[in-house]
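This report concerns only the one structure given below.
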Protein chains: 2
Amino acid sequence: MPTNLSDKTVGRLSLYRRLLNSLAKSQGNYLFSHDLAAAASVTATQVRRDVMAVGYAGSPIKGYDVTELAECIGRFIDGQEQQAVSLVGVGNLGRAILAYFTGRRPNLNVVAAFDRDPHRVNRVIHGCRCYPVEMIEETITRQAIRTAIIAVPATEAQPVATRLVRSGIRGILNFAPTPLRVAPNVYVEEMDLTASLEKVAFFARQQSQT
Amino acid sequence: MPTNLSDKTVGRLSLYRRLLNSLAKSQGNYLFSHDLAAAASVTATQVRRDVMAVGYAGSPIKGYDVTELAECIGRFIDGQEQQAVSLVGVGNLGRAILAYFTGRRPNLNVVAAFDRDPHRVNRVIHGCRCYPVEMIEETITRQAIRTAIIAVPATEAQPVATRLVRSGIRGILNFAPTPLRVAPNVYVEEMDLTASLEKVAFFARQQSQT
DNA sequence: TAGATTGTTAATCGATTAACAATC
DNA sequence: TAGATTGTTAATCGATTAACAATC
């Protein structure tokens, strides 16, 4: 119902859902906001605010029904039907991403992978069919795929992104170490491993000096 | 010199440095703030603010000297000596991370990897020696490593993090899909691939509906 | 009821953006 | 000089946090 959810809120909701599923086993079927907050490393108020955003109401005595809340978040994030994902770049990182997501989210499947290397195409890798990059437009349009993961070298990321958007992609998870410029109606999440590791190294150094 | 740099600022600086190195080849040796801004997908004011933070001064006529600025940022982020990194978890994702960082940053090397699986230990993978997890404390303490990457299953992430911090680790890049709770003097960067992909899928769905 | 939690509003905090005098 | 950019301050924006009445 709330149409404008922030980036961060959606990320936290995704995390809550997973935590709920694992907490339900160890703890009971009811949780208070501070239980969930502790598991997610956020504040209890933040949890209340986020849960409120999906329109689920807890009880002041019992707290939140774990099963119902998880389902409610699921309906909210996943929508009605299954969502197909495509992957461009089946190198070391691309294959690891494929393996990572295989069977992890039932409603979120990588159904098509693309690569330039002739040795990788026309094979099934981690249960996903790998096509040549020339077939990006045709495959994505035909299967009406809206989400893509980019795991190609930095120099190729922008042209690939442009082709993807032209084919109908509206959300991109970008592992290439360069920012993408796309139309404003396309959501891009940058996963810059180099920048992240440098940040960690920087603050680690700073901490150990004090 | 500026002691309190924000998380995001350091990340952008890391990006600028890489962009500068590649821009220097295609463009000249001087760049204006809006050139760098366009490449990094931020505003020119943001670039000026960030550059100012590392203490480098540009010229109103020439702009920024690409080589000098890149070196200045490098000195700032990397510090004086090389920085060693450790990796825990040499599964699909761990190996891809190893391959990714090998030779990419000269000052940032993964020098020790750890795994529970006897088939993976005591081997050299992508140029990095792999030890059994029992040797975490000894190895990290002896080599005075301050930075670590966690790529183990969610259930093992917290105990691994605790051991790492006890051994002297002060910065963690966490790929395990669960938030870590550590002492406040330890910097943790969460890399939650599942949450990121769900975010992308969510906004892609929302965009294509409008 | 008393107590702890809930949904929700108000205050705070920090980062981003806009604006402008100083500079070459 | 005129012009475009710089460093830097002030205004804006948004998210987080704190506070509180309502609820079981």
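Chain A is the first sequence line, chain B the second, and so forth, proteins listed ahead of strands; every chain is numbered from 1. Only this structure's heavy atoms are used, side chains among them; waters, hydrogens and symmetry mates stay out.
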Quiz item: Between A/Asp50 (CG) and C/dT6 (P), how many Å, whole number?
Solution: 13 Å

Quiz item: List DNA chain C stems (3 or more consecutive Watson-Crick/G-U pairs, under 3.5 Å)?
Solution: C:3-24 with D:3-24

Quiz prompt | Backbone of A/Ala84 reached by a side-chain donor or acceptor of A/Gln143 within 3.5 Å | solution = no

Quiz item: Is B/Asp35 reaching over with its side chain to a backbone N or O of B/Phe32, donor-acceptor style, under 3.5 angstrom?
Solution: yes

Quiz item: Would you call A/Ile125 and A/Leu98 a side-chain contact if the rule is heavy atoms closer than 4.5 Å?
Solution: yes

Self-check item: Nucleotide D/dT5, atom C1' - distance to CG of B/Leu36 in whole Å
Solution: 14 Å

Exercise. Determine the contact category for B/Tyr30: base if any of its heavy atoms lies under 4.0 Å from a base atom, sugar-phosphate if only primed atoms, P, OP1 or OP2 are that close, otherwise nothing.
Key: nothing

Quiz item: Between C/dT23 and B/Ser59, is there an OP1 or OP2 to side-chain N/O distance shorter than 4.0 Å?
Solution: no

Quiz item: What nucleic acid atoms does A/Ala57 come within less than 4.0 Å of, heavy atoms only: base, sugar-phosphate, or nothing?
Solution: sugar-phosphate

Self-check item: Nearest-nucleotide 5' precedence on DNA chain C, A/Val51 against A/Ile61
Solution: A/Ile61

Quiz item: Will you find, in the side chains of B/Arg12 and B/Gln46, an N or O donor that is under 3.5 Å from an N or O acceptor?
Solution: yes

Quiz item: Looking only at side-chain N and O atoms, does B/Tyr64 come under 4.0 Å of OP1 or OP2 in D/dG7?
Solution: yes

Quiz item: Just how far, in rounded Å, is P of C/dG3 from CZ of A/Phe32?
Solution: 16 Å

Exercise. Is it possible for you to check whether B/Arg105 lies under 6.0 Å from the centre of the six-membered ring of B/Phe101, through NZ or CZ, and within 45° of that ring's axis?
Key: no

Practice problem: Measure the spacing between NZ of B/Lys199 and CG of A/Leu5 and express it to the nearest 0.5 Å. | Solution: 12.0 Å

Quiz item: Atom CG of A/Leu31 to atom C1' of C/dT6: distance rounded to whole Å?
Solution: 15 Å

Quiz item: Are the side chain of B/Gln207 and the backbone N or O of A/Gly171 linked by a donor-acceptor pair below 3.5 Å?
Solution: no

Quiz item: When every nucleotide of nucleotides 10-22 of chain D is labelled 5' to 3' by its protein contacts under 4.0 Å (heavy atoms), B for base, S for sugar-phosphate only, - for none, what sequence of letters results?
Solution: -----SBSBB---

Self-check item: B/Tyr56 side chain to B/Glu68 side chain, donor-acceptor N/O pair below 3.5 angstrom
Solution: yes

Quiz item: Roughly how many Å is it from CG in A/Asp35 to C1' in C/dT6, rounded to a whole number?
Solution: 14 Å

Self-check item: Within 45° cone and under 6.0 Å: A/Arg104 NZ/CZ vs A/Tyr100 ring
Solution: yes

